[in-house]
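Throughout, residue positions are numbered sequentially from 1 according to the sequence presented.
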Amino acid sequence: MFRRLAQDLRRNGTTVVADLSGDYLTAVLEGGVDVLKVSHEELLRDGMAPDDSIPSLVAGLFKLREDGAANVILSRAEHPAFVLIDGEVNQVELPRLEPADHRGAGDSMTAGVAATLARGGELAEAVRTGAAAGALNVTRHGLGTGRADVIAQFTTRVELTPVPGGAAAPPPEPERSGHMSPEQLAEKVTHS
(Lines give C-alpha, C1' and ligand atoms only; values in the text may rest on other atoms or scores of the structure.)
Protein backbone atom coordinates (compact mmCIF):
# COMPACT_ATOMS: atom_id res chain seq x y z
CA MET A 1 0.00 0.00 0.00
CA PHE A 2 2.78 2.50 0.91
CA ARG A 3 4.58 1.83 -2.38
CA ARG A 4 1.44 2.34 -4.44
CA LEU A 5 0.37 5.41 -2.50
CA ALA A 6 3.75 7.14 -2.84
CA GLN A 7 4.00 6.24 -6.52
CA ASP A 8 0.46 7.38 -7.34
CA LEU A 9 0.83 10.66 -5.45
CA ARG A 10 4.11 11.51 -7.18
CA ARG A 11 2.73 10.58 -10.62
CA ASN A 12 -0.04 13.07 -10.02
CA GLY A 13 2.23 15.95 -9.03
CA THR A 14 1.97 15.70 -5.24
CA THR A 15 5.05 16.11 -3.05
CA VAL A 16 5.50 13.04 -0.86
CA VAL A 17 6.97 13.51 2.62
CA ALA A 18 7.49 10.38 4.72
CA ASP A 19 8.75 9.58 8.22
CA LEU A 20 8.93 5.78 8.27
CA SER A 21 11.19 2.86 9.10
CA GLY A 22 11.41 -0.89 8.56
CA ASP A 23 9.18 -2.50 5.95
CA TYR A 24 7.14 0.70 5.53
CA LEU A 25 10.32 2.59 4.67
CA THR A 26 11.31 -0.05 2.13
CA ALA A 27 7.87 0.12 0.53
CA VAL A 28 7.72 3.91 0.27
CA LEU A 29 11.23 4.01 -1.19
CA GLU A 30 10.11 1.63 -3.94
CA GLY A 31 7.31 4.07 -4.81
CA GLY A 32 9.58 7.10 -4.55
CA VAL A 33 9.51 9.87 -1.98
CA ASP A 34 10.41 13.54 -2.31
CA VAL A 35 11.47 14.07 1.30
CA LEU A 36 12.27 11.27 3.72
CA LYS A 37 12.86 11.91 7.42
CA VAL A 38 14.54 9.08 9.31
CA SER A 39 16.39 8.93 12.63
CA HIS A 40 19.95 7.66 12.91
CA GLU A 41 18.68 4.88 15.20
CA GLU A 42 16.29 3.72 12.47
CA LEU A 43 19.04 3.97 9.86
CA LEU A 44 21.25 1.69 11.96
CA ARG A 45 18.42 -0.71 12.84
CA ASP A 46 17.36 -1.03 9.19
CA GLY A 47 20.93 -1.82 8.10
CA MET A 48 21.42 1.35 6.04
CA ALA A 49 24.58 2.28 7.99
CA PRO A 50 26.99 -0.03 9.85
CA ASP A 51 27.65 2.45 12.69
CA ASP A 52 26.89 6.00 13.74
CA SER A 53 30.13 7.56 12.49
CA ILE A 54 29.72 10.57 10.22
CA PRO A 55 31.03 8.77 7.10
CA SER A 56 28.67 5.83 7.69
CA LEU A 57 25.65 8.06 8.24
CA VAL A 58 26.45 10.13 5.14
CA ALA A 59 26.82 6.93 3.10
CA GLY A 60 23.43 5.89 4.50
CA LEU A 61 21.89 9.12 3.21
CA PHE A 62 23.15 8.38 -0.29
CA LYS A 63 21.93 4.78 -0.02
CA LEU A 64 18.44 6.08 0.78
CA ARG A 65 18.65 8.41 -2.22
CA GLU A 66 19.73 5.52 -4.43
CA ASP A 67 16.78 3.49 -3.12
CA GLY A 68 14.17 6.14 -3.96
CA ALA A 69 14.33 9.20 -1.68
CA ALA A 70 15.06 12.41 -3.58
CA ASN A 71 16.00 14.27 -0.38
CA VAL A 72 16.69 12.94 3.12
CA ILE A 73 16.61 14.41 6.61
CA LEU A 74 18.49 12.38 9.23
CA SER A 75 17.73 13.32 12.83
CA ARG A 76 20.48 12.46 15.29
CA ALA A 77 19.00 12.93 18.79
CA GLU A 78 21.03 15.63 20.59
CA HIS A 79 23.44 16.05 17.63
CA PRO A 80 22.78 18.26 14.59
CA ALA A 81 20.60 16.60 11.97
CA PHE A 82 22.05 15.90 8.53
CA VAL A 83 20.20 16.74 5.31
CA LEU A 84 20.79 15.53 1.79
CA ILE A 85 19.25 18.10 -0.55
CA ASP A 86 19.93 18.06 -4.28
CA GLY A 87 22.95 15.79 -3.80
CA GLU A 88 24.61 17.96 -1.11
CA VAL A 89 24.94 17.02 2.55
CA ASN A 90 24.68 19.67 5.25
CA GLN A 91 24.10 19.64 8.96
CA VAL A 92 21.32 21.56 10.65
CA GLU A 93 22.75 23.97 13.21
CA LEU A 94 20.52 25.55 15.84
CA PRO A 95 21.02 27.18 19.21
CA ARG A 96 21.36 24.78 22.15
CA LEU A 97 18.25 24.45 24.29
CA GLU A 98 17.72 22.60 27.55
CA PRO A 99 15.32 19.73 26.91
CA ALA A 100 12.27 19.14 29.10
CA ASP A 101 10.84 16.17 27.18
CA HIS A 102 12.48 14.67 24.07
CA ARG A 103 9.36 12.82 22.88
CA GLY A 104 7.81 14.11 19.66
CA ALA A 105 10.80 16.09 18.38
CA GLY A 106 11.08 14.02 15.18
CA ASP A 107 7.36 14.15 14.51
CA SER A 108 7.35 17.92 15.06
CA MET A 109 10.28 18.20 12.65
CA THR A 110 8.43 16.22 9.97
CA ALA A 111 5.26 18.28 10.52
CA GLY A 112 7.20 21.55 10.13
CA VAL A 113 8.76 20.31 6.89
CA ALA A 114 5.45 19.11 5.46
CA ALA A 115 3.56 22.28 6.46
CA THR A 116 6.19 24.53 4.87
CA LEU A 117 6.25 22.53 1.63
CA ALA A 118 2.42 22.49 1.54
CA ARG A 119 2.51 26.32 1.69
CA GLY A 120 4.86 26.32 -1.31
CA GLY A 121 8.07 26.95 0.65
CA GLU A 122 11.49 25.83 -0.53
CA LEU A 123 13.02 22.67 0.92
CA ALA A 124 15.85 24.46 2.78
CA GLU A 125 13.25 26.71 4.45
CA ALA A 126 11.15 23.65 5.25
CA VAL A 127 14.13 21.93 6.90
CA ARG A 128 14.90 25.02 9.00
CA THR A 129 11.24 25.29 10.04
CA GLY A 130 11.07 21.59 10.87
CA ALA A 131 14.26 21.80 12.92
CA ALA A 132 12.89 24.78 14.83
CA ALA A 133 9.60 22.99 15.51
CA GLY A 134 11.41 19.87 16.69
CA ALA A 135 13.85 21.79 18.88
CA LEU A 136 11.14 23.88 20.50
CA ASN A 137 9.01 20.78 21.10
CA VAL A 138 11.67 19.33 23.42
CA THR A 139 11.65 22.48 25.58
CA ARG A 140 8.00 21.85 26.55
CA HIS A 141 5.93 19.14 28.15
CA GLY A 142 3.31 17.90 25.71
CA LEU A 143 3.65 16.82 22.11
CA GLY A 144 3.39 19.39 19.31
CA THR A 145 2.98 22.31 21.70
CA GLY A 146 5.12 24.86 19.83
CA ARG A 147 3.33 28.02 18.75
CA ALA A 148 3.61 28.99 15.08
CA ASP A 149 4.88 32.52 15.81
CA VAL A 150 7.64 31.23 18.11
CA ILE A 151 8.63 28.53 15.58
CA ALA A 152 8.78 31.15 12.80
CA GLN A 153 11.00 33.40 14.93
CA PHE A 154 13.29 30.51 15.92
CA THR A 155 13.58 29.39 12.27
CA THR A 156 15.70 32.48 11.55
CA ARG A 157 18.35 31.09 13.94
CA VAL A 158 18.65 27.71 12.17
CA GLU A 159 21.43 27.32 9.61
CA LEU A 160 22.44 24.64 7.12
CA THR A 161 26.24 24.24 7.16
CA PRO A 162 28.67 21.77 5.56
CA VAL A 163 29.11 18.50 7.43
CA PRO A 164 32.49 18.37 9.21
CA GLY A 165 35.00 16.38 7.22
CA GLY A 166 33.67 17.54 3.85
CA ALA A 167 31.16 14.78 3.18
CA ALA A 168 30.87 14.53 -0.57
CA ALA A 169 28.64 12.52 -2.83
CA PRO A 170 29.96 9.08 -3.64
CA PRO A 171 30.52 8.28 -7.32
CA PRO A 172 27.35 7.27 -9.13
CA GLU A 173 26.70 3.56 -9.08
CA PRO A 174 25.69 1.68 -12.19
CA GLU A 175 21.98 1.41 -12.74
CA ARG A 176 20.55 -1.76 -11.26
CA SER A 177 18.49 -3.75 -13.69
CA GLY A 178 14.78 -3.80 -13.04
CA HIS A 179 14.77 -0.88 -10.57
CA MET A 180 14.06 2.65 -11.72
CA SER A 181 12.74 5.67 -9.91
CA PRO A 182 9.62 7.29 -11.39
CA GLU A 183 11.87 10.10 -12.72
CA GLN A 184 14.22 7.64 -14.44
CA LEU A 185 11.28 5.83 -16.02
CA ALA A 186 9.73 9.12 -17.23
CA GLU A 187 13.09 10.19 -18.71
CA LYS A 188 13.47 6.87 -20.56
CA VAL A 189 9.95 7.09 -21.96
CA THR A 190 10.48 10.73 -23.02
CA HIS A 191 13.73 9.93 -24.86
CA SER A 192 12.46 6.76 -26.57
Side-chain angles (χ1 to χ4, degrees), residues 2 5-6 9-10 14-22 24-25 28-29 32-46 48-49 52 54 57-58 60-61 64-65 69-164 167:
F2 280 95
L5 179 62
L9 287 170
R10 289 186 88 207
T14 301
T15 300
V16 176
V17 177
D19 184 349
L20 300 166
S21 64
Y24 299 121
L25 171 60
V28 81
L29 287 170
V33 61
D34 296 290
V35 181
L36 173 67
K37 187 271 178 191
V38 64
S39 74
H40 77 283
E41 293 99 345
E42 294 163 339
L43 195 73
L44 293 169
R45 188 186 65 229
D46 292 344
M48 299 283 189
D52 64 356
I54 291 174
L57 294 176
V58 168
L61 294 174
L64 290 167
R65 184 177 76 164
N71 302 284
V72 184
I73 302 167
L74 179 70
S75 62
R76 301 190 315 136
E78 69 277 1
H79 301 290
F82 290 163
V83 293
L84 172 61
I85 299 175
D86 296 329
E88 293 185 20
V89 179
N90 284 289
Q91 65 183 6
V92 182
E93 294 285 344
L94 54 146
R96 295 260 182 218
L97 302 172
E98 185 173 333
D101 184 356
H102 71 279
R103 293 175 305 130
D107 292 337
S108 292
M109 178 183 234
T110 303
V113 169
T116 303
L117 293 174
R119 284 193 336 255
E122 296 294 321
L123 185 53
E125 173 195 1
V127 168
R128 287 192 299 274
T129 302
L136 290 172
N137 185 82
V138 302
T139 66
R140 309 170 167 282
H141 291 286
L143 303 177
T145 56
R147 291 187 4 219
D149 61 327
V150 176
I151 292 169
Q153 184 178 8
F154 196 65
T155 297
T156 64
R157 305 201 51 208
V158 178
E159 296 179 17
L160 302 182
T161 62
V163 170

Student: Supply the atom-to-atom distance Ser75 OG to Asp107 CG, rounded to the nearest 0.5 angstrom.
Tutor: 9.5 Å

Student: Do you know the tightest heavy-atom contact between Gly32 and Arg10?
Tutor: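 What the structure gives for the nearest pair is O-CD, 3.1 Å.
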
Student: Only pairs under 3.5 Å count here: list side-chain donor-acceptor contacts from residues 112-129, not counting sequence neighbours, and write none if there are none.
Tutor:
from	atom 1	to	atom 2	distance (Å)
Thr116	OG1	Gly112	O	2.8
Arg119	NH2	Glu125	OE2	3.3
Thr129	OG1	Glu125	O	2.9

Student: If you round to the nearest 0.5 Å, how far is CG of Asp52 from CG of Leu43?
Tutor: 10.0 Å

Student: Search all heavy atoms of Arg65 against all heavy atoms of Gly87 and return the closest pair with its distance.
Tutor: NH1-CA, 3.2 Å

Student: To the nearest 0.5 angstrom, please state how far the CZ atom of Arg76 sits from the CD1 atom of Ile54.
Tutor: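 With rounding to 0.5 Å, CZ (Arg76) is 5.5 Å from CD1 (Ile54).
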
Student: Pick out which of Ile73, Val89, Leu64 makes a side chain to side chain contact (heavy atoms under 4.5 Å, CB included) with Leu84.
Tutor: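 The side chain to side chain contact (heavy atoms under 4.5 Å, CB included) with Leu84 is passed solely by Val89 among Ile73, Val89, Leu64.
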
Student: Taking all atoms of both residues into account, what is the closest heavy-atom pair of His40 and Leu57, and its distance?
Tutor: CB-CD2, 4.1 Å

Student: Any donor-acceptor pair under 3.5 Å linking the side chain of Asp34 with the backbone of Val17?
Tutor: no

Student: First locate atom CG of Leu25, then atom CZ of Arg45, and finally report the distance between them rounded to the nearest 0.5 Å.
Tutor: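 One gets 9.5 Å once the value is rounded to the nearest 0.5 Å.
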
Student: Which atom pair, heavy atoms only, marks the closest approach of Pro80 to Glu93?
Tutor: CG-OE2, 4.1 Å

Student: Do Glu41 and Ser39 meet the criterion of a side-chain donor-acceptor pair at a distance under 3.5 Å?
Tutor: yes

Student: Please list all pairs meeting side chain to side chain donor-acceptor pair (under 3.5 Å) that have one or both residues in residues 81-90, counting only residues at least two apart or in different chains.
Tutor: none

Student: Within the 4.5 Å heavy-atom criterion, are Val83 and Asn71 side-chain neighbours or not?
Tutor: no

Student: If you measure from CD on Glu42 to CG on Leu20, what distance do you get to the nearest 0.5 Å?
Tutor: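 Here the interatomic distance stands at 8.5 Å.
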
Student: Give the C-alpha distance, both sets of side-chain angles, the deciding distance and a yes or no for side-chain contact (heavy atoms from CB on, under 4.5 Å) between Val92 and Leu160.
Tutor: CA-CA 5 Å; Val92 182; Leu160 302 182; 3.7 Å; yes

Student: Which heavy atom of Ala69 sits nearest a heavy atom of Leu36, and at what distance?
Tutor: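 Looks like CB-CB, 3.9 Å.
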
